[in-house]
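Presented below is the structure to which this report refers.
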Amino acid sequence: MGEERKIPYKIYLEEKEMPDSWYNVRADMKNKPAPLLNPGTLKPMTVEELSGVFCTELCKQELDDTTAYFEIPEEIREFYKMYRPSPLVRAYCLEKKLQTPAKIYYKFEGNNTSGSHKLNSAIAQAYYAKKQGLKGVTTETGAGQWGTALSMACAYLGLDCQVFMVKCSYEQKPFRREVMRTYGANVTPSPSEKTAVGRKMLEEFPGTTGSLGCAISEAVEAATTQEGYRYVLGSVLNQVLLHQSVIGLETKAAMDKYGIKPDVIIGCAGGGSNLGGLISPFMGQKLRGEADYRFIAVEPASCPSFTRGKFAYDFCDTGKICPLAKMYTLGSGFIPSANHAGGLRYHGMSSVLSQLYHDGYMEAVSVEQTSVFQAAQEFARVEGILPAPESAHAIRAAMDEALKCKETGEEKTILFGLTGTGYFDMVAYERFNNGEMSDSIPTDADLEKGFAGIPKFPGNEF
Ligand SMILES: *Cc1c(COP(=O)(O)O)cnc(C)c1O
């Protein structure tokens with residue numbers, strides 16, 4: 001082959017080229033992610049135990065470490081067609097701006113009303129709830145992206161959707177709240193009078209503005225005390241990574257079509273779902289010894305689960321009612337500085353990604369928020385898309401890799417996940433534009449306080 005084929009700005013798959021199965025990377029892992037444990041017995045959770053909280057089909061997906069492909073049900077594929085395939089974009093303008101010999105690509109998941117990749121799993125989870133004959137689902141939301149995605153999915157399927165929204169977000173992000181209500185969701189500020197956990201919280205800490213951990217506890221209680229309801233979660237879980245593999249499968253199909261092979265694959269990491277989804281098919285190749293790639297997880301310096309956390313069994317929620325997961329964690333009591341505006345504030349990390357990182361298949365970097373917003377601004381000005389602050393973590397790391405290539409002259413191919421848009425994050429952008437944003441990096445002593453809350457039992461040394 002002589003001349004390189006001209007790569008278009010946007011590579012779209014055709015509908016018929018969209019994946020018809022999700023890929024489960026656990027099937028190709030020699031060291032499987034450690035099982036969820038029952039916090040009472042410290043024994044692995046069974047489908048029966050989990051199915052009081054989650055839909056039965058989703059419990060099966062959660063615990064299945066061996067089935068490589070799960071067929072995507074027809075109804076979900078139809079829903080995906082409303083906003084998928086999502087474009088794979090060649091960032092020609094950014095390359096030019098950076099004057100780098102690197103080739104930069106991003107997979108853009110912000111092209112739907114909820115504004116992020118979360119819709120890919122929301123529709124799957126709502127579908128299985130509907131199929132099980134349930135009345136509705138409950139969940140928590142912090143900034144609101146997950147709640148919005150779930151509201152859209154539930155509206156489509158005619159399911160009731162109850163969202164516990166952290167009170168400070170409920171008050172400070174009225175637009176997200178109203179998007180959810182427009183899609184028919186019932187949105188309650190957390191802590192609330194609706195649950196025992198909420199009432200206890202309000203009694204102990206009157207005037208509290210809430211936390212994600214408390215909202216999770218309320219949503220789980222609401223699911224288990226109302227007949228015909230189950231709880232759904234937008235990140236961290238194995239099932240969520242499985243659904244998000246649609247991102248990576250589409251990306252790989254689009255790249256294969258043009259004979260492109262990425263050298264470095266980069267994604268932001270909150271609970272790990274978009275990163276896990278983007279890298280899954282590529283990681284599968286690496287695990288099977290078919291190809292090699294560098295994978296980089298990007299996290300905020302103010303919430304550094306991978307780069308400074310412990311690999312141990314820990315609680316998934318502050319209320320300590322959820323199962324224990326083995327993961328990189330800062331401790332369930334860790335709360336990032338109030339100064340931190342850029343999302344990705346979860347204390348733990350997907351067990352799948354944690355195991356892969358632990359086994360050396362993936363790298364991780366942490367970035368400071370002012371440099372993240374700088375990258376977001378630079379990207380918006382040349383590529384046109386106003387990125388979510390979460391997504392901008394990946395942009396920062398991709399730009400840093402491209403700038404390294406400028407020094408070495410290497411023509412690397414860099415792929416990153418652009419998970420969403422930032423229209424509801426303008427207060428954070430305002431702080432950046434006013435020069436009022438600063439960085440906050442926890443001290444070792446701050447982290448020790450979080451680590452002290454990690455449960456201690458034989459076999460859980462860290
Ligand atoms: C929720 C969210 C993330 C982080 O979640 P992961 O599970 O780590 O992918 C990243 N970007 C956007 C836009 C989000 O809404």
Side-chain angles (χ1 to χ4, degrees), residues 94 97-98 106 110 115-116 141-146 165-177 209-212 266-271 274-275 296-309 330 334-347 364-403 416-447 450:
L94 182 64
K97 172 83 195 300
L98 298 177
Y106 56 90
S116 82
T141 198
Q145 289 102 319
W146 169 243
M165 186 171 190
V166 179
K167 192 183 264 169
C168 62
S169 298
Y170 182 90
E171 285 161 1
Q172 289 168 13
K173 300 207 165 184
F175 295 146
R176 277 254 183 239
R177 182 185 78 208
T209 54
S211 69
L212 204 53
I266 297 170
C268 64
N274 87 82
L275 175 64
I296 307 177
V298 192
E299 58 186 16
S302 51
C303 192
S305 320
F306 270 135
T307 51
R308 294 174 72 195
L330 298 169
F334 179 82
I335 297 175
S337 155
N339 189 20
H340 173 64
L344 309 174
R345 44 176 58 244
Y346 187 61
H347 69 274
V365 294
S366 74
V367 288
E368 293 171 25
Q369 72 173 353
T370 47
S371 77
V372 165
F373 277 83
Q374 249 153 28
Q377 187 191 65
E378 213 169 316
F379 181 83
R381 290 181 185 181
V382 294
E383 288 287 323
I385 296 171
L386 181 82
E390 291 89 343
S391 321
H393 288 73
I395 299 175
R396 174 75 272 161
M399 283 171 59
D400 289 346
E401 282 297 319
L403 290 170
F416 72 92
L418 189 69
T419 50
T421 45
Y423 304 120
F424 291 107
D425 300 287
M426 295 327 288
V427 174
Y429 273 96
E430 181 184 29
R431 273 170 59 195
F432 176 73
N433 292 335
N434 288 343
E436 291 159 4
M437 183 169 274
S438 58
D439 296 316
S440 55
I441 302 173
T443 63
D444 287 341
D446 294 334
L447 294 185

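All figures in this text were calculated on a predicted structure; none of them were measured in a lab.
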Practice prompt. Enumerate the residue pairs fulfilling salt bridge (charged side-chain N to carboxylate O under 4.0 Å, His left out) with a member in residues 367-394, sequence neighbours excluded, ordered by first and then second residue.
Written response: Lys97-Glu378
Item to complete: Take His393 and Thr419 through the test side-chain contact (heavy atoms from CB on, under 4.5 Å) and record every step on the way to the result.
Response: CA-CA 10 Å; His393 288 73; Thr419 50; over 6 Å; no
Practice prompt. Quick one: list whatever passes side-chain contact (heavy atoms from CB on, under 4.5 Å) with Ser438, sequence neighbours left out.
Written response: Asn339
Worksheet item: Any donor-acceptor pair under 3.5 Å linking the side chain of Gln369 with the backbone of Met437?
Response: no
Worksheet item: Any donor-acceptor pair under 3.5 Å linking the side chain of Asp400 with the backbone of Ala397?
Response: no
Item to complete: Mind listing the closest non-hydrogen atom pair of Gly422 and Pro389 along with its distance?
Response: CA-CD, 4.5 Å
Item to complete: List the steps, then state whether side-chain contact (heavy atoms from CB on, under 4.5 Å) holds for Tyr106 with Ile385.
Response: CA-CA 12 Å; Tyr106 56 90; Ile385 296 171; 3.8 Å; yes
Fill in: Rounded distance (nearest 0.5 Å) linking atom CE of Met165 with atom CH2 of Trp146
14.5 Å
Worksheet entry | Heavy-atom check, side chain of Phe432 versus side chain of Gln374, under 4.5 Å | yes
Item to complete: Check side-chain contact (heavy atoms from CB on, under 4.5 Å) between Ala269 and all other residues, then give those that pass, not counting sequence neighbours.
Response: Leu275, Ala297, Phe306, Met349
Item to complete: Specify the closest pair of heavy atoms between Cys268 and Leu344, including all atoms of both residues, with the distance to one decimal.
Response: CB-CD1, 4.0 Å
Response to the item:
Rounding to 0.5 Å, atoms CD1 (Ile335) and SG (Cys303) come to a distance of 10.5 Å
Side-chain donor-acceptor pairs under 3.5 Å in residues 169-177, sequence neighbours left out?
unit_1 : atom_1 : unit_2 : atom_2 : d
Ser169 : OG     : Gly142 : O      : 3.0
Lys173 : NZ     : Asp425 : OD1    : 3.4
Arg177 : NH1    : Tyr170 : O      : 2.8

Worksheet item: Which distance, rounded to the nearest 0.5 Å, do you find between the OG of Ser302 and the CG of Asp446?
Response: 11.5 Å
Worksheet, complete the sentence: Here the pair of heavy atoms bringing Ser337 nearest to Arg345 is O-NH2, 4.3 Å
Worksheet entry | His347: partners by side-chain hydrogen bond (donor to acceptor under 3.5 Å, both in side chains), with sequence neighbours left out | none
Worksheet item: CZ of Phe424 to OH of Tyr429: how many Å apart, nearest 0.5 Å?
Response: 14.0 Å
Worksheet, complete the sentence: Of all heavy-atom pairs linking Pro304 and Thr307, the shortest is CB-OG1, 3.3 Å
Response to the item:
Rounded to the nearest 0.5 angstrom, the CG-CZ distance for Asn433 and Phe373 is 9.5 Å
Worksheet item: If every non-hydrogen atom of Pro442 is compared with every non-hydrogen atom of Ala301, which pair is closest and at what distance?
Response: CD-O, 3.3 Å
Item to complete: Start with the C-alpha gap between Glu401 and Ile266, add the side-chain angles, then the distance that decides, and say whether side-chain contact (heavy atoms from CB on, under 4.5 Å) holds.
Response: CA-CA 10 Å; Glu401 282 297 319; Ile266 297 170; 3.9 Å; yes
Worksheet item: Within a strict 4.5 Å, meaning less than it, do heavy atoms of the Ser391 and Phe379 side chains meet?
Response: no
Fill in: Verdict with reasoning, Thr421 to Leu386, per side-chain contact (heavy atoms from CB on, under 4.5 Å)
CA-CA 6 Å; Thr421 45; Leu386 181 82; 5.7 Å; no
Worksheet item: side-chain hydrogen bond (donor to acceptor under 3.5 Å, both in side chains) with Asp444: which residues, sequence neighbours excluded?
Response: Arg308
Response to the item:
For Asn274 and Gly267, the nearest pair of non-hydrogen atoms, with its separation, is OD1-CA, 4.5 Å
Fill in: Atom pair CD1/OG of Ile395 and Ser371 - distance to nearest 0.5 Å
11.5 Å
